[in-house]
Each structure stands twice: as structure tokens, then as C-alpha cells.
Amino acid sequence: MNEMLWAFGRASGIISLVLFTVTVLIGIVTRSGRPLPGLPRFSVALVHRNVSLLAVVFLVLHVGTLLFDSYAKLNPVDVVVPFLGSFKPFWQGLGTVAFDLVIAIVVTGLLRRRIGQRVFRFVHWFAYAMWPIAVLHGIGNGTNGTSGWFLLLAVASTAAVGAAIIWRLSAGYLEKSGARRSAAEREALR
């Protein structure tokens, strides 16, 4: 049973990381106002939300199964308080920090209408911190963290997210200069 929990915990962590990578990429596309190939523009936000939810489900499965795994030796405090774990506390702590950031992003997403767009957007920016912290956690704490295939996955994911962030910061990011002006005007009104 413990080997099954360990294998499922490991697999769900890898799947979660891949899904969070896709979430960050689609989130950047969503903000640009551009459609994804084969999808109408309005669908991009829905895909972003659904992939995000799926990533969170796999993250909860990752953490939940490792709570019951005798090898991981996680306890409920380790899940929310970083750097206290008994197994590789630094690397496990990075996972806890990433998990805490995901919780904050999800909670503010659920309360978006009540807390306002400004608070939601501020907390949502933490996704840019959560993602690399999660990658480092996977490399440092994961059973396959230093294996060739996982490092290749991490490098490819980092290259994709890095390129998307560079695009996000570029002058041509928003689809139209009018959209850029409208975004600036909307921001000034808040």
C-alpha cells in the first residue's frame, strides 16, 4: 500500500506541475486578449480556469496521498507551515510555500467579486512566484527530480514560461494599441 501511495503522490505531483505550467501559459494568453488556435477568444479564460482547477485537484491529490505515505513523513503542519518537515526540509518547504500561494490564489479567485478586482489581481500575480518555487520543489524533493527526463521537462517548461513572460513584458503583448489604452484607462479608474 505504501508503494502505491508513494507512486500516486509522485505521479500526481508531476501532473500537477505540468498542468500549472499550462495554466501559466494560458493565463498569459488570456490576459493578452488573443484567442488560442481553434478556440474563440471568450473560451480562453474558461480553458484557463478549468486547467487551473484540474491542476489544483492533482495538487490536492499529491499532498493528500503523501500525508498517508510513511516514506514522505508529512504531517498536517508540514502542509501549511514551510520548512518544518523531517525529509529534506528546505525542498519540502518550497513545496509548502508553493501550496500556500496556490491556496491564496484559489481563495481570492473564489472571492473575486467580494474582494474586488485590484486585490484579486494583486494576489494572482503570486502565480509568477508559485510556479518556479514548485519547479524547484520538484527538482529538489522529487524522487525523479534529478533524473534526465524530469530535468528535460523542467527545462522545457521553464523555456516555455520564460518565453511567455518575455512576450508578456513586450510592447506588442496586447492585441491592439486601443486595447492597451483601454486597459490603462480601466486601471486608472480603479
Side-chain angles (χ1 to χ4, degrees), residues 1-30 36 39 43 45-111 123-124 126-162 164:
M1 179 68 167
N2 284 339
E3 286 184 29
M4 188 173 78
L5 285 174
W6 170 78
F8 190 78
R10 183 177 77 177
S12 58
I14 293 166
I15 293 168
S16 179
L17 185 59
V18 169
L19 290 170
F20 276 119
T21 300
V22 172
T23 297
V24 169
L25 295 173
I26 295 174
I28 290 171
V29 172
T30 299
L36 286 172
L39 287 177
S43 296
L46 294 173
V47 171
H48 173 66
R49 184 185 67 205
N50 290 338
V51 172
S52 300
L53 289 172
L54 192 58
V56 170
V57 166
F58 275 96
L59 179 61
V60 169
L61 291 171
H62 171 65
V63 172
T65 55
L66 293 178
L67 276 169
F68 297 105
D69 180 20
S70 62
Y71 182 74
K73 299 178 183 166
L74 280 180
N75 65 54
V77 173
D78 296 335
V79 173
V80 291
V81 181
F83 310 111
L84 296 180
S86 60
F87 179 74
K88 297 183 181 181
F90 175 75
W91 299 109
Q92 183 179 319
L94 290 179
T96 302
V97 169
F99 183 72
D100 291 346
L101 289 172
V102 167
I103 291 170
I105 292 165
V106 168
V107 168
T108 56
L110 294 171
L111 298 175
V123 174
H124 214 75
F126 286 116
Y128 288 108
M130 177 280 300
W131 185 84
I133 292 170
V135 171
L136 291 173
H137 163 73
I139 292 170
N141 205 50
T143 305
N144 297 109
T146 56
S147 63
W149 69 267
F150 187 81
L151 290 174
L152 182 62
L153 174 68
V155 167
S157 298
T158 301
V161 169

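What you see below is based on every heavy atom in this structure, not just the backbone, and it leaves out hydrogens, waters and symmetry mates. Position 1 is the first residue of the sequence; numbering continues from there. All values reported here derive from a predicted model rather than from experimental measurement.
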When rounded to the nearest 0.5 angstrom, what distance separates CG in Leu153 from OG1 in Thr158?
9.0 Å
Say you draw a straight line from NE2 of His137 to CD1 of Ile139; how long is it, rounded to the nearest 0.5 Å?
11.0 Å
Which residue is it: Val56, Leu54, Val24? I am looking for the one with a side-chain contact (heavy atoms from CB on, under 4.5 Å) to Leu19.
Leu54
Once you round to the nearest 0.5 Å, how far does CG of Leu59 lie from CG of Leu53?
12.5 Å
Judged by atom type as modelled, is there a donor-acceptor pair below 3.5 Å linking the side chain of Ser16 to the main-chain atoms of Ala55?
yes
Within the 4.5 Å heavy-atom criterion, are Leu17 and Ser157 side-chain neighbours or not?
no
Within a radius of less than 6.0 Å around CZ of Phe87, do more than 12 heavy atoms belonging to other residues, nucleotides or ligands occur?
yes
Test your reading of the model: is there a side-chain donor-acceptor pair from His62 to the backbone of Arg10, 3.5 Å cut-off?
no
Nearest-0.5 Å distance, CZ of residue Phe150 to CD1 of residue Ile14:
6.0 Å
Please answer whether the main-chain N or O of Asp78 pairs with a side-chain N or O of Thr96 as donor and acceptor at a distance below 3.5 Å.
yes
For a quick test of reading the model, state the closest non-hydrogen atom pair linking Pro76 to Leu67 and the distance between them.
N-CD2, 3.8 Å
State which residue, out of Val135, Val97, Leu101, fulfils the side-chain contact (heavy atoms from CB on, under 4.5 Å) condition with Met130.
Leu101
Which atom of Leu151 lies closest to which atom of Thr146, heavy atoms considered
CD1-O, 3.5 Å
Among Val107, Thr108, Val106, find the one that has a side-chain contact (heavy atoms from CB on, under 4.5 Å) with Leu110.
Val106
